[in-house]
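One structure is given below, encoded as structure tokens.
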Amino acid sequence: MASDDAFSAASTEAASHPDIELSGTHQPYLHRAATNVAPLDAANFPVAAVDSQADLTEYISPHQSGFVVDKEGYKVVTFTPGDPSNPRNWSKGYKWLCTLLVSLLCFAVSFGSAVVTGDIEGVMEQFGVSQEVVILTVTLFVIGFGIGPLAFAPLSELFGRQIIYVTTLTVAVIFIVPCAVAQNIGTLLVSRFIDGIAFSAPMTLVGGTLADLWSDEERGVAMAAFSAAPFLGPCIGPIVGGYIGDTVSWRWIYYTLLIFCGVVYALIVVIIPETYAPEILKRRARKMRKESGDKSYVTDLELNRRPLGEMLKVSLCRPLILLFRELIVLLMSLYMSVLYGLLYMFFFAYPVVFQEGKGMSGGSTGLMFIPIAVGIIVAGALAPLVNSHYRKVSLRYNGWPPAEVRLVPMMLSCWLVPIGLFIFAWTSYPRLTWVGPCLAGFPCGIGFCLLYNSANNYIVDSYQHHAASALAAKTFLRSMWGAACPLFTIQMYHRLGNEWAGSLLAFIALACCAIPFLFYWFGAKIRSYSKYAYSPEDEAAEKGARVEVSHV
């Protein structure tokens with residue numbers, strides 16, 4: 001699966017929120033103030049890359065001259081009205097092409113994390129190793145997902161999205177080759193780990209790319225279409241991998257992945273240009289300085305750039321601080337970790353139930369993931385309705401609703417996962433038909449997607465100024481747990497039996513259902529004691545003006 005920045009419409013946009021304490025001149029641009037100046041998404045600000053002196057006016061509105069003069073006489077470069085270089089002004093057809101391509105990229109990466117489960121036995125026989133060692137090909141890949149974004153997110157603010165896409169995808173595609181031709185298990189494991197880190201970078205950037213392209217009013221449909229992609233990959237992966245393993249060999253799983261990712265890589269490089277506004281303007285300023293000889297043409301990113309070491313320090317340290325000091329971040333991270341672990345457990349529980357118990361082939365076992373995929377598609381279709389409901393509720397609060405409104409879909413959908421798990425557990429007897437445990441994936445698929453949407457939105461609204469750090473904390477914990485789960489799933493099912501192993505997971509998911517209700521009732525009070533949580537009322541009071549928050 002993918003980074004959380006790609007798991008849902010909400011989380012995707014949220015992943016690019018600022019990861020620094022915003023004060024002074026920064027704040028008006030993140031909210032719609034009394035001046036009625038339309039805000040620009042935080043995703044388009046290099047706020048983690050610049051210090052508190054940066055004005056960021058150049059990213060708010062276009063200027064006919066193409067620049068604004070600051071108090072020190074610098075000509076800070078801006079877009080012009082209708083500027084064709086501004087991704088927001090590209091044609092809808094081209095923006096949709098870019099949206100579909102980055103969605104396909106998310107699918108390809110998440111597909112790559114799961115497709116290798118289609119033929120575990122082939123690798124065991126080839127290298128003479130245990131099942132647990134082969135499962136590390138999944139574990140190490142997922143660990144890479146957890147640690148990669150901590151470095152790649154700040155680097156994308158310094159150098160733009162395009163160069164990070166190209167360089168990391170190049171490394172990722174290249175290191176699929178040694179996986180396919182590996183002559184020992186060490187080569188396979190190291191290459192999978194490098195691939196996990198490299199593939200985590202584009203997954204981190206996709207949300208920002210969509211925020212670059214679409215305005216807040218337009219983005220809902222694009223995000224809804226995109227949000228299912230990183231969930232569908234892990235469902236389709238075992239189907240493809242299972243049939244390849246049944247018909248040829250495990251090496252062709254990697255060759256197929258290489259061809260697929262290679263095609264997607266070529267399309268990304270050829271079709272998608274730089275979309276990050278600060279980088280586009282930085283290149284324009286450089287060109288203007290060269291052509292005119294006037295060194296006063298600059299951008300805020302050049303004038304007030306933070307040292308790379310400071311950026312990385314914030315990226316690495318603040319997520320851990322929020323994880324262990326903020327109850328909302330901790331419990332939501334634990335809940336999302338449980339869900340993430342469940343999905344990866346399915347990759348290894350399904351073979352136990354369907355192959356060992358019901359005598360199915362690897363390819364047929366892969367087909368059992370189809371109901372999960374259908375559930376995810378249904379959840380994606382419901383996303384615009386959930387967003388529409390939120391906007392209606394938001395109007396009752398003058399566009400300034402409490403963060404707890406985001407929990408309503410979560411409070412409804414949280415029950416679907418334990419229901420699906422109980423069905424899966426108690427229909428998994430070998431003597432029963434495969435229909436019961438197969439269809440159990442449908443409510444789980446709906447629940448996974450809707451829960452991620454709501455949880456990530458709630459975190460973003462609760463920690464707007466630190467949303468990226470809060471999401472990074474969740475991504476790190478979730479990835480570590482997701483990486484660990486495959487290592488003990490098969491043993492757990494063998495020791496407890498299919499029914500009680502599945503019931504144990506269902507009871508854990510059921511216990512987690514208390515979390516959204518806890519925060520719905522007490523979340524506002526919990527946030528009032530936090531120095532990191534976002535309070536629009538306090539911010540408005542400090543500014544001496546009523547502020548209307550612009551939400552996802």
Side-chain angles (χ1 to χ4, degrees), residues 1 114 117 231 234-235 238 331-332 334-360 364-379 382 407-455 478 481-482 484-486 488-518 520:
M1 283 184 61
T117 64
F231 281 103
C235 297
L331 291 185
M332 282 294 179
L334 288 174
Y335 194 1
M336 295 302 103
S337 297
V338 168
L339 297 180
Y340 195 68
L342 285 173
L343 186 58
Y344 274 93
M345 283 182 172
F346 282 165
F347 298 153
F348 302 95
Y350 272 42
V352 173
V353 171
F354 294 107
Q355 287 181 251
E356 295 181 15
K358 302 183 186 298
M360 290 186 174
S364 297
T365 298
L367 294 176
M368 299 299 103
F369 284 89
I370 290 178
I372 302 179
V374 174
I376 290 167
I377 293 172
V378 170
L382 292 175
L407 295 173
V408 175
M410 196 175 188
M411 293 161 68
L412 298 174
S413 60
C414 65
W415 309 104
L416 295 174
V417 175
I419 288 173
L421 289 173
F422 277 123
I423 295 174
F424 181 75
W426 294 100
T427 59
S428 61
Y429 288 102
R431 68 177 182 272
L432 298 180
T433 179
W434 56 268
V435 175
C438 176
L439 295 182
F442 178 70
C444 289
I446 298 176
F448 286 154
C449 202
L450 291 180
L451 285 169
Y452 268 102
N453 283 356
S454 297
R478 182 213 67 197
W481 177 245
C485 284
F488 62 80
T489 299
I490 295 175
Q491 294 89 330
M492 181 179 71
Y493 266 77
H494 285 166
R495 292 193 178 189
L496 297 181
N498 296 349
E499 297 74 37
W500 285 108
S503 295
L504 174 62
L505 301 178
F507 281 122
I508 294 173
L510 186 62
C512 289
C513 291
I515 293 176
F517 290 90
L518 169 68
Y520 187 79

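Numbers here are sequence positions counted from 1.
The minimum heavy-atom distance linking Ile423 with Ala440 is given by the pair CG2-CB, 3.7 Å. Of all heavy-atom pairs spanning Cys513 and Cys414, the tightest one is SG-O, 3.3 Å. The two residues Trp481 and Ser337 have their closest heavy-atom pair at CD1-O, 2.8 Å. Of all the heavy atoms in Ala425 and Ser428, the pair that sits closest is O-OG, 2.6 Å. Listed here is the closest heavy atom pair of Leu421 and Ala509: CD1-CB, 3.9 Å.
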Derivation and outcome, side chain to side chain contact (heavy atoms under 4.5 Å, CB included), residues Ile508 and Val338: CA-CA 8 Å; Ile508 294 173; Val338 168; 4.0 Å; yes

Cys235 vs Phe346, side chain to side chain contact (heavy atoms under 4.5 Å, CB included): CA-CA, chis, key distance, verdict: CA-CA 10 Å; Cys235 297; Phe346 282 165; over 6 Å; no

Derivation of the side chain to side chain contact (heavy atoms under 4.5 Å, CB included) call for Ile490 and Val352: CA-CA 7 Å; Ile490 295 175; Val352 173; 4.3 Å; yes

Verdict with reasoning, Met360 to Leu367, per side chain to side chain contact (heavy atoms under 4.5 Å, CB included): CA-CA 10 Å; Met360 290 186 174; Leu367 294 176; over 6 Å; no

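At a threshold of 4.5 Å between non-hydrogen side-chain atoms, the residues Phe369 and Tyr350 count as touching. The shortest side-chain heavy-atom distance between Phe517 and Leu407 does not fall under the 4.5 Å cut-off. Using a 4.5 Å heavy-atom threshold, the side chains of Trp415 and Leu510 count as touching. A heavy-atom distance below 4.5 Å is found between the side chains of Met410 and Tyr335. Counting heavy atoms from C-beta on, the side chains of Leu450 and Leu412 never come closer than 4.5 Å. Under the 4.5 Å side-chain criterion, counting only non-hydrogen atoms from C-beta, Arg478 is not in contact with Leu339. Put simply, the side chain of Phe424 does not reach to within 4.5 Å of the side chain of Asn498, judged on heavy atoms. Side-chain contact between Leu518 and Leu331 is present, with at least one heavy-atom pair separated by less than 4.5 Å.
Taking the side chain to side chain donor-acceptor pair (under 3.5 Å) definition, one finds that Thr427 meets it with nothing, sequence neighbours left out.
With hydrogens and angles disregarded, no donor-acceptor distance shorter than 3.5 Å links the side chain of Tyr520 to the backbone of Met411. In terms of modelled atom types and a separation under 3.5 Å, the side chain of Lys358 and the main chain of Leu432 share a donor-acceptor contact. A donor-acceptor pair under 3.5 Å is absent between the side-chain atoms of Ser454 and the main chain of Leu451, judged by distance alone.
Atom OH of residue Tyr452 and atom CG of residue Leu343 lie 7.5 Å apart, to the nearest 0.5 angstrom. Note that the SG atom of Cys485 and the CG atom of Leu505 stand 8.5 Å from one another [nearest 0.5 Å].
No close placement of the Tyr493 and Phe348 rings is indicated, their centers lying 6.0 Å or farther apart. If you look at Phe422 and Phe507, their ring centroids are closer than 6.0 Å.
Each of Ser364, Pro430, Pro437 was evaluated against Phe354; a single residue qualifies, Pro437, per the side-chain contact (heavy atoms from CB on, under 4.5 Å) test.
Between Tyr344 and Phe347, the angle of the ring planes goes over 60°, which puts this pair in the perpendicular group of the 30/60° scheme.
Atom CH2 of Trp426 sits in a crowded spot, with more than 12 heavy atoms from other residues, nucleotides or ligands closer than 6.0 Å.
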